[in-house]
A.B. asks: 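Sending over a structure as structure tokens; questions will come in a sec.
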Amino acid sequence: MKALIFIETKEGAPIGASLELVTAAKALGAEADLVKVAEKEGVLKEDAVVGAVAKKAAEGYDVVLLAATPLGKLTTARIAARLGAGSVNDAIAVACEDGKLKVTRPIYGGTIREELCVDAPAAVISIRGGSYEAPESVPEIAELAPEAEEGLVARVLELLAEAGEAVNLEDAKVIVTGGRGMGSEENYKLCEELADVLGGVVGATRPVIENGWISRTHQVGQSGKIVAPDLYIACGVSGATQHVSGMSGSKYIIAINKDEEAPIFSVADLGIVGDVKQVLPILIEEFKKIKA
Ligand SMILES: Cc1cc2nc3c(=O)[nH]c(=O)nc-3n(C[C@H](O)[C@H](O)[C@H](O)COP(=O)(O)OP(=O)(O)OC[C@H]3O[C@@H](n4cnc5c(N)ncnc54)[C@H](O)[C@@H]3O)c2cc1C
């Protein structure tokens with residue numbers, strides 16, 4: 001089996017979720033070629049990636065792998081359509097059984113996992129970050145020229161920076177998320193303090209964003225970011241499916257909630273029943289002592 005891996009970059013460097021695809025290709029027993037796509041002024045990034053990756057994949061690859069980032073999810077089906085290939089977005093595992101490509105992905109907000117068998121000559125699959133370990137060394141990445149397609153309807157006139165600070169939740173190893181149960185913007189700062197002590201970043205549930213306690217770039221969940229850190233600490237978070245679907249891939253989950261029946265405890269590895277205003281200051285002090 002031959003795999004083509006599209007490596008997405010951020011400020012010139014490959015993102016973690018793309019590098020993990022090397023391990024996914026190994027799970028398929030596939031030989032993999034890694035490619036990135038050069039940017040071209042005026043050409044929409046998605047169009048450049050679709051054109052260039054589809055052209056390269058037509059050279060005879062059985063499977064094309066992309067990270068399930070917004071760019072990956074936007075381009076997966078378009079590349080598949082150009083190749084006449086099968087397409088699966090947001091997978092968490094791939095396998096090759098009896099010569100057939102099997103793909104697992106979460107559906108219904110992560111409450112169910114479905115297994116699909118791709119019955120097509122080739123497949124284009126986006127895989128969620130955190131589903132595989134990144135390899136220890138980065139293989140060579142070839143750069144493809146952007147291939148804007150004919151009949152292009154979108155043209156970039158100007159790029160505007162996203163309002164709010166840039167935060168890389170997708171590649172973070174530690175995330176401390178505050179939910180509505182933090183009670184106020186002032187209390188939410190306890191999450192920032194704990195994240196600082198642990199060398200992590202802060203996440204938030206949707207109500208926290210709606211309350212204006214922090215910018216939208218921090219939202220985790222179905223309409224926010226999909227994350228898979230080594231450690232996820234959920235503070236005053238109920239565990240609604242729309243939130244859990246964005247963080248259930250985390251390797252170790254600690255939940256702090258005053259309601260022992262809160263659904264977040266069903267996905268947590270460690271649960272603390274208590275008031276965040278009392279528990280967080282203790283955790284911050286204890287972690288500071290350990291670090292000292
Ligand atoms: C289409 C759609 C998309 C959505 N996308 C997202 C998304 O991307 N991300 C997201 O997060 N949500 C999303 N939501 C909203 C989601 O359904 C929930 O409403 C939201 O996740 C709940 O946030 P929460 O846990 O902070 O608040 P709540 O559900 O209100 O939970 C607060 C929790 O804090 C606990 N608590 C209260 N006080 C304390 C205290 N002092 N100490 C400890 N615990 C305390 C309570 O027991 C409770 O469990 C979406 C909803 C829809 C319909």
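Along the sequence shown, residues are numbered consecutively beginning with 1. In listed order, ligands and their atoms are each counted from 1. Nothing here was measured: the structure is a model prediction, and the numbers come from that model. What's counted below: heavy atoms across the whole structure, side chains too, no hydrogens, waters or symmetry copies.
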A.B. asks: Show which residues join Val22 in its hydrophobic cluster (side-chain heavy-atom contacts under 4.5 Å, direct or indirect), or state none.
C.D. replies: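 Traced through the cluster, Val22 reaches Met1, Ile5, Ile7, Leu19, Leu21, Leu28, Leu34, Val63, Leu65, Val88, Val94, Leu101, Val103, Leu116, Val118, Ile125, Ile127, Tyr132, Val138, Ile141.
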
A.B. asks: Would a distance-only check, ignoring hydrogens and angles, find a side-chain to backbone donor-acceptor pair under 3.5 Å from Thr104 to Glu115?
C.D. replies: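 Side chain of Thr104 to backbone of Glu115, a donor-acceptor pair under 3.5 Å: no, none is there.
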
A.B. asks: Salt bridge check: are Glu285 and Lys289 linked by an N-O gap of less than 4.0 Å?
C.D. replies: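 No, no charged N to carboxylate O under 4.0 Å.
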
A.B. asks: Which protein residues have a heavy atom closer than 4.0 Å to any atom of ligand 1, listed by chain and number?
C.D. replies: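 For ligand 1, the residues that come within the 4.0 Å heavy-atom cutoff are Gly179, Arg180, Gly181, Thr205, Arg206, Pro207, Gln219, Val220, Gly221, Gln222, Ser223, Gly224, Gly236, Val237, Ser238, Ala240, Gln242, His243, Asn257, Lys258, Asp259, Gly274, Asp275, Val276, Lys277.
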
A.B. asks: Are Tyr188 and Asn211 linked by a side-chain donor-acceptor pair shorter than 3.5 Å?
C.D. replies: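 No pair is found: no donor N or O on one side chain lies under 3.5 Å from an acceptor on the other.
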
A.B. asks: Give the table of side-chain donor-acceptor pairs shorter than 3.5 Å for residues 240-247, with sequence neighbours excluded, one pair per line with atom names and distance.
C.D. replies:
residue, atom, partner, partner atom, Å
His243, ND1, Val220, O, 3.1
His243, NE2, Tyr232, OH, 2.9
Ser245, OG, Thr241, O, 3.2
Ser245, OG, Gln242, O, 3.4

A.B. asks: Please tabulate, one pair per line, all N/O donor-acceptor pairs under 3.5 Å involving side-chain atoms of residues 263-281, not counting sequence neighbours.
C.D. replies:
residue, atom, partner, partner atom, Å
Ser266, OG, Pro263, O, 2.7
Asp269, OD2, Ile253, N, 2.7
Asp275, OD1, Lys277, N, 2.8
Asp275, OD1, Lys277, NZ, 3.4

